[in-house]
Amino acid sequence: MARIVKIVEGQIDFHEALEAARSPRNGGLATFYGSTRDNSEGKSVHRLFYEAYKPMAVAKMEEIADQIREKWGVEDIAMVHRIGEVPIGEVSVFIAAGSPHRVEAFSACRFAIDTLKETVPIWKKEFFDDGEVWVGQTPSGRESGD
Amino acid sequence: MARIVKIVEGQIDFHEALEAARSPRNGGLATFYGSTRDNSEGKSVHRLFYEAYKPMAVAKMEEIADQIREKWGVEDIAMVHRIGEVPIGEVSVFIAAGSPHRVEAFSACRFAIDTLKETVPIWKKEFFDDGEVWVGQTPSGRESGD
Amino acid sequence: MARVLADATVGTARAAAVVSVRLFAGAAEATGVRVHRMSIEDGATVDVAFDRMVEEFPALAALKSSLKFAVNQEFVEMDQRLSDGDEMAVIPPVSGG
Amino acid sequence: MARVLADATVGTARAAAVVSVRLFAGAAEATGVRVHRMSIEDGATVDVAFDRMVEEFPALAALKSSLKFAVNQEFVEMDQRLSDGDEMAVIPPVSGG
């Protein structure tokens, strides 16, 4: 029965985030775990690093939570992004949205991660065998797919 | 990197279900927790009881998992439903779907819970101050909203 | 009722099928029965079998419009034919989740 | 460069604004700079400020088409005017999640 919006270094506290989005009035809770994959466009990824413009990133995440409250009346939401080195397979972003009905919980969760990926100033760097790249800003100018 | 489909009595093992849907190749994991609310159509709910036609319910859930594999290529999925007495606020159904990309993870998770609620032979009974009702089969013939 | 019918079936040389009918939730409560073994003509439809159930358990009549049916754990239409050993299920509106 | 400009500004009696420009990810790596304090005419646009940055850090030129800009932690257009004390940010394509 609360809102949690934060950027952390080190592992995300899922329990705390889930508890924020839980409430006896909520029949539905939708979550999303984004984790670092072991490959990207066919290349093996060895490690990942996230950087944030922290105060602006938190402000944009709060803005997303505000939009979610206005659009779907969903107030119980957690949005946590991890920065720094994130080992392969570990979770870099976690969203949880609780609502009396499931449709709103799903819509809120989906909107949160979609909008976060579009508007929140956080950047991911992938390290390969033969180099490294800031995702979305490649020499060819292409942007990342998801 | 597995499929879990089951009906349990007592608390759902979320860790086991999440682990089934996780994989280093999955960048996205969407989950849904359905829990028993403390009210239904304005009336205070004291307790809840779920009954299943267990072998058919498991078969229908497996069928949903098969459809999800065909539709979105999502193989890493957990669908767990709790039956018997479920205390208010505790989780009655848990879905987790992992996929390389988040769109498929969300689609699979949403489809799983939507289809489960429509086709899997499980029934919920709500107990109020002044009576009890099998949800969906009321004297007036109305069906439950979500 | 089922027994009389079974005997009649044998009398006219039609094969008899023993079907177990499972009832759940509101249907089980309305009848007080969860499993009912029934002898019926081999090849009889779910519709016919349900009518026999209603004769025995009149409380089912009021529920009929809301019910679905399964045979051997697959949803079926009312014209599905039954064979010996089939498990038929009376399925009230589902409300899992 | 920034210093020369500031002196010129004073010389023509226009007010000077000190703006701190923050760079991130690929933009920070390309320039080797994360924060750059810059003196500019009060009311100059983000566009003008960025052009000054490019003069100082030519590696930014190649990135320009992919960049967005923020002032005081809000995304802005290139014609946004800057005031003394503003924090301007050079935002490469975001890739969080």
Side-chain angles (χ1 to χ4, degrees), chain A residues 7 32-37 40 48-64 79-84 86 91-95 109-110 112-126 131-146, chain D residues 17-38 45-47 49-50 53-54 57-97:
Chain A
I7 289 173
F32 177 76
Y33 299 75
S35 54
T36 54
R37 277 188 290 160
S40 177
L48 282 119
F49 182 84
Y50 284 89
E51 178 182 327
Y53 180 13
K54 212 166 166 180
M56 182 172 170
V58 169
K60 297 309 278 183
M61 286 161 75
E62 291 279 2
E63 216 173 284
I64 294 169
M79 302 176 65
V80 185
H81 204 299
R82 179 174 178 179
I83 58 171
V86 178
V91 176
S92 51
V93 62
F94 181 66
I95 313 280
C109 189
R110 179 80 190 268
I113 184 64
D114 287 356
T115 313
L116 183 152
K117 281 173 165 273
E118 278 169 20
T119 67
V120 175
I122 298 177
W123 299 271
K124 172 165 66 176
K125 189 175 199 175
E126 293 175 338
E132 53 192 64
V133 64
W134 285 102
V135 177
Q137 181 167 316
T138 59
S140 62
R142 67 172 164 74
E143 307 229 337
S144 73
D146 69 333
Chain D
V18 176
V19 171
S20 62
V21 182
R22 302 192 58 172
L23 297 97
F24 298 93
E29 278 185 3
T31 57
V33 167
R34 297 205 153 262
V35 185
H36 180 69
R37 286 174 69 83
M38 166 191 274
T45 62
V46 165
D47 200 26
F50 184 71
M53 290 290 291
V54 172
F57 309 105
L60 284 175
L63 302 178
K64 185 173 182 182
S65 65
S66 71
L67 298 174
K68 291 187 176 177
F69 298 90
V71 173
N72 301 332
Q73 299 162 25
E74 289 287 349
F75 285 110
V76 296
E77 300 298 320
M78 299 293 284
D79 61 0
Q80 170 74 30
R81 293 186 180 280
L82 295 162
S83 306
D84 192 48
D86 278 351
E87 178 172 284
M88 171 172 151
V90 174
I91 315 266
V94 301
S95 51

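We name chains A, B, ... by the order of the sequence lines, and we start the count at 1 in each one.
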Please give me the minimum heavy-atom distance between [X] and [Y], naming the atom from each residue.
X      : Y     : answer
A/T119 : D/V94 : N-CG2, 4.2 Å
A/W123 : D/P93 : CD1-O, 3.1 Å
A/L116 : D/G97 : CD2-N, 4.0 Å

- Among the options A/A52, A/P55, A/S35, A/S92, pick out the one with the most heavy-atom pairs lying under 4.5 Å from chain D.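 Sorted descending by pairs with chain D, the first entry is A/P55.
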- Query: Any residues in residues 78-89 of chain D near chain A, with a heavy-atom distance under 4.5 Å, and which are they?
  - Reply: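 From residues 78-89 of chain D, the residues near chain A are D/E87, D/A89.
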- Item | Partners meeting side chain to side chain contact (heavy atoms under 4.5 Å, CB included) with D/A28 (sequence neighbours left out) |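 By the side chain to side chain contact (heavy atoms under 4.5 Å, CB included) rule, D/A28 matches D/L23, D/R34.
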- Query: With respect to chain A, which residue among D/E29, D/K68, D/R22 yields the maximal number of heavy-atom pairs within a distance under 4.5 Å?
  - Reply: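 The answer is D/E29.
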- Listed partners of A/Y50 passing ring pair (Phe, Tyr, Trp, His ring centres under 6.0 Å), at least two apart: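 If we apply the ring pair (Phe, Tyr, Trp, His ring centres under 6.0 Å) test to A/Y50, skipping adjacent residues, the hits are A/H81.
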- List in chain and number order the residues that pass ring pair (Phe, Tyr, Trp, His ring centres under 6.0 Å) with A/Y53, two or more places apart in sequence or in another chain; answer none if no residue qualifies.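 Listed in chain order: D/F24.
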- Task: Decide if atom CD of A/E62 counts as having more than 12 heavy atoms of other residues, nucleotides or ligands within a radius under 6.0 Å.
- Result: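 It does: A/E62 CD has more than 12 such atoms within range.
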- Task: Measure the CD-CD distance between D/E74 and A/E63 for me, rounded to the nearest 0.5 Å.
- Result: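 Answer for the CD-CD pair, D/E74 versus A/E63, is 5.5 Å.
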